[in-house]
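First comes the structure, then the notes that go with it.
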Amino acid sequence: MLKIFNTMTQKKEEFKPMHENRVKLFVCGPTVYDNSHVGHARTYISFDVIARYLKYNGFSVFYLQNITDVDDKIIKRALELNIDPVKLARKFEKKYMEDMKLLGVENVNLYARATEHVPEIIQQINTLIDKSFAYVTDSGVYFDISKFPDFGKLSRRNIEELTVHRIFNDSKRNPGDFALWKIKNDEPFWNSPWGVGRPGWHIEDTAITEEYLGYKYDIHGGGLDLIFPHHEAEIAQMESASGDKPMVRYWMHTGFLNVSGEKMSKSLGNFITIREILLDYAPEVFRFFVLSTHYRSPIDFSESALQQSGNSLNRIYKLIETIDELRDSNISESNENDIKYTNLLLNAKHDFLDNMNNDFNTPNALSVIFNLIRDVNRGVDDGNISKNSLIYVKNLLIEFGEILGFEFYIKPCVDDKTEDLVEVMVDVREKLRERKDWELSDLIRSRLREIDIILEDK
RNA sequence: GCCGAGAUGACCGAGCGGCUAGGUGAGUGGCUGCAGACCACUAUACUUGGGUUCAAAUCCCAAUCUCGGCUCCA
């Protein structure tokens with residue numbers, strides 16, 4: 001039984017989608033005004049695994065993500081760079097897609113741009129005005145939070161206390177009211193019944209989700225920082241417009257990625273982009289790093305943590321390698337220990353799924369993998385594990401890998417020429433070793449080492 | 001000020017009433033011409049002070065410290 005921690009209720013709840021085996025999942029996408037950083041990657045990798053696991057459980061998942069391609073930050077940046085805001089947005093959207101592909105985040109079914117849903121946005125605002133949840137002023141259209149008593153239910157806040165820090169604007173009835181439509185005539189702008197301008201930040205998500213998922217759906221995800229005010233505003237908009245609730249059955253939020261215990265931010269200069277990190281570390285190493293902490297916990301980013309992750313991951317690859325080698329050896333196809341190993345595998349699978357069912361506890365799921373590896377290694381060492389058992393082990397590891405987004409069966413690739421060349425060197429060195437010419441063979445090894453080719457004798 | 005999260009061995013990180021988490025690093029042994037890699041085994045914990053309980057890292061109370069949110073943010 002899959003349990004998900006719901007931010008709304010602050011409890012783990014059994015997961016039951018609205019429609020038997022269909023899951024409608026929406027995750028807030030990025031505002032495309034700059035390169036995405038590793039904090040974004042953390043969130044999107046987490047939801048990638050969540051989507052994978054839902055699919056693994058037989059759910060048909062429709063995963064929708066919005067792309068915020070019109071907003072103040074984009075316009076500001078475009079102005080600084082003296083380029084067209086739409087072009088700027090497209091450029092960083094493209095980079096975002098490239099980053100996600102590199103990270104193996106590939107389960108999103110549909111990306112929806114805000115700018116391509118302006119009619120839907122206008123329609124939803126109209127509904128809110130018709131139902132008196134929103135009002136028009138000369139600066140825009142605002143949502144009247146006094147008409148929505150549930151405002152604050154997700155973040156568990158007291159609205160009165162919030163007014164202190166809100167943006168003051170004379171035309172607003174209440175400082176906590178937020179913009180649905182901003183009347184502005186700087187690019188880009190659209191026509192609307194209330195004047196030219198652009199949508200407010202929160203309305204695109206509810207317009208987009210209503211269009212593709214309906215006004216009620218299963219899971220809404222995003223970073224912890226979006227709970228207030230963004231998700232709160234979404235609830236207000238959608239539940240007011242539809243007159244029905246709840247908009248979302250399960251709210252899921254990912255914890256922050258910190259650097260030296262502090263939240264990643266530009267002002268602190270601890271901003272690391274996905275691109276930068278992928279220069280030094282393989283995508284799967286970063287993925288392992290992300291999954292070795294529970295998705296709701298804060299995760300502290302550091303080079304040494306990534307190195308540890310790389311070494312850990314290596315342990316898994318090594319066993320796959322060992323299995324591949326033993327498959328070509330003359331160990332027995334099957335033996336009397338097969339039942340023992342079958343049970344071991346059944347248990348491992350059971351434990352793995354148990355942990356995933358427990359609000360996607362990936363760190364624990366990983367520990368199940370390592371326990372299995374230890375037991376299998378012991379069998380290999382003692383020579384009591386058969387080929388068949390080893391093949392089952394490998395298949396199970398691959399199955400786990402697919403859930404978590406690792407491709408354990410793919411070996412790191414090198415180009416053919418290099419591989420041929422290295423093979424020549426290895427052959428020569430083997431001959432030298434046969435003659436016990438240690439001096440020369442060690443020289444070859446150390447020189448190869450200098451160009452990052454590591455030779456390991458068996 | 002108001003909300004919230006957390007303090008676990010050298011490091012990362014689960015557990016959240018009884019059962020060795022796991023990984024990295026370290027040590028010992030195995031393998032090896034050597035080195036590395038690999039494999040096995042071993043050691044080292046629950047911020048502090050009270051309390052509840054037959055039993056507490058886990059529950060309660062208090063304290064200390066760290067971080068985050070309340071304004072754009074994954």
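A note on names: the letters A, B, ... follow the listed sequences, proteins ahead of strands, and every chain is numbered from 1. Just so we're clear, the structure is a prediction, and the values are computed from it rather than from any experiment.
- Residue contacts shown for A:F256 include a base, since a base heavy atom lies under 4.0 Å away.
- Of the candidate nucleotides B:G33, B:A74, B:G22, B:G33 has the atom nearest to the side chain of A:R433.
- When each of B:C38, B:A14, B:A74 is scored by its nearest atom to the side-chain atoms of A:T293, the top-ranked nucleotide is B:A14.
- Counting heavy atoms of neighbouring residues, nucleotides and ligands inside a 6.0 Å radius, atom OH of A:Y111 exceeds 12 of them.
- Rounded to the nearest Å, the gap between the C1' atom of B:A14 and that of B:U20 is 14 Å.
- A:G39 comes within 4.0 angstrom of a nucleotide base, judged by non-hydrogen atoms across all strands.
- Of the candidates A:Y63, A:F47, A:F26, A:F26 is the only one forming a ring-ring contact (aromatic ring centres under 6.0 Å, His included) with A:H220.
- Counting non-hydrogen atoms under 4.0 angstrom, A:H37 reaches a base of the nucleic acid.
- Atom name C1', nucleotides B:A10 and B:A26: the rounded distance is 8 Å, in whole Å.
- B:G9 and B:G4 have their P atoms separated by 27 Å, given to the nearest Å.
- A cation-pi geometry, defined here as NZ or CZ lying under 6.0 Å from the six-membered ring centre and within 45° of its normal, does not hold between A:K12 and A:F5.
- Across B:C67 and B:G36, the matching P atoms stand 41 Å from one another, rounded to whole Å.
- For A:N377, a side-chain nitrogen or oxygen approaches OP1 or OP2 of B:A40 to under 4.0 Å.
- Close to B:G25, at under 4.0 Å from its OP1 or OP2, lies no side-chain N or O of A:S304.
- Between A:K182 and A:D72 there is a salt bridge, since at least one side-chain N of the basic residue sits less than 4.0 Å from a carboxylate O of the acidic one.
- In this structure, A:H220 atom NE2 and B:A74 atom P are separated by 12 Å, rounded to whole Å.
- Closest to the A:N361 side chain, of the nucleotides B:A14, B:A74, B:G22, is B:A14.
- A:H202 has its ring centre no less than 6.0 Å from the ring centre of A:H231.
- Look at the P atom in both B:A62 and B:C3: the space between them is 15 Å, to the nearest Å.
- In the set B:C70, B:G33, B:A14, the nucleotide with an atom closest to the side chain of A:D442 is B:G33.
- If you take atom P in B:G22 and the same atom in B:C41, they sit 10 Å apart, rounded to whole Å.
- The side chain of A:K318 lies closest to B:C38 when the candidates are B:G22, B:C38, B:A14.
- Ion pairing between A:R113 and A:E204 fails under the 4.0 Å rule for side-chain N and carboxylate O.
- With sequence neighbours excluded, the residues forming a side chain to side chain donor-acceptor pair (under 3.5 Å) with A:N6 are A:E13, listed by chain and number.
- Base contact: A:N364 has a heavy atom under 4.0 Å from a base atom.
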Pairing pattern in dot-bracket form [Watson-Crick, G-U; both distances under 3.5 Å; | = partner strand] for RNA chain B: (((((((..(((.....[...))).(((((.......)))))....(((((..]....))))))))))))....
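- The same atom, P, is picked in B:G29 and in B:C60; the two are 48 Å apart, to the nearest Å.
- Using atom C1' as the reference point in both B:C11 and B:A45, the two lie 13 Å apart (nearest Å).
- For the pair A:Y44 and B:A74, the ring geometry does not qualify as stacking, because the centroid separation below 5.5 Å and plane angle under 30° are not jointly satisfied.
- Proximity of A:R445 to the phosphate of B:G36: no side-chain N or O atom is located under 4.0 Å from OP1 or OP2.
- Under the side-chain contact (heavy atoms from CB on, under 4.5 Å) rule, A:I75 has a single partner from A:R198, A:K184, A:E80, A:E187, which is A:R198.
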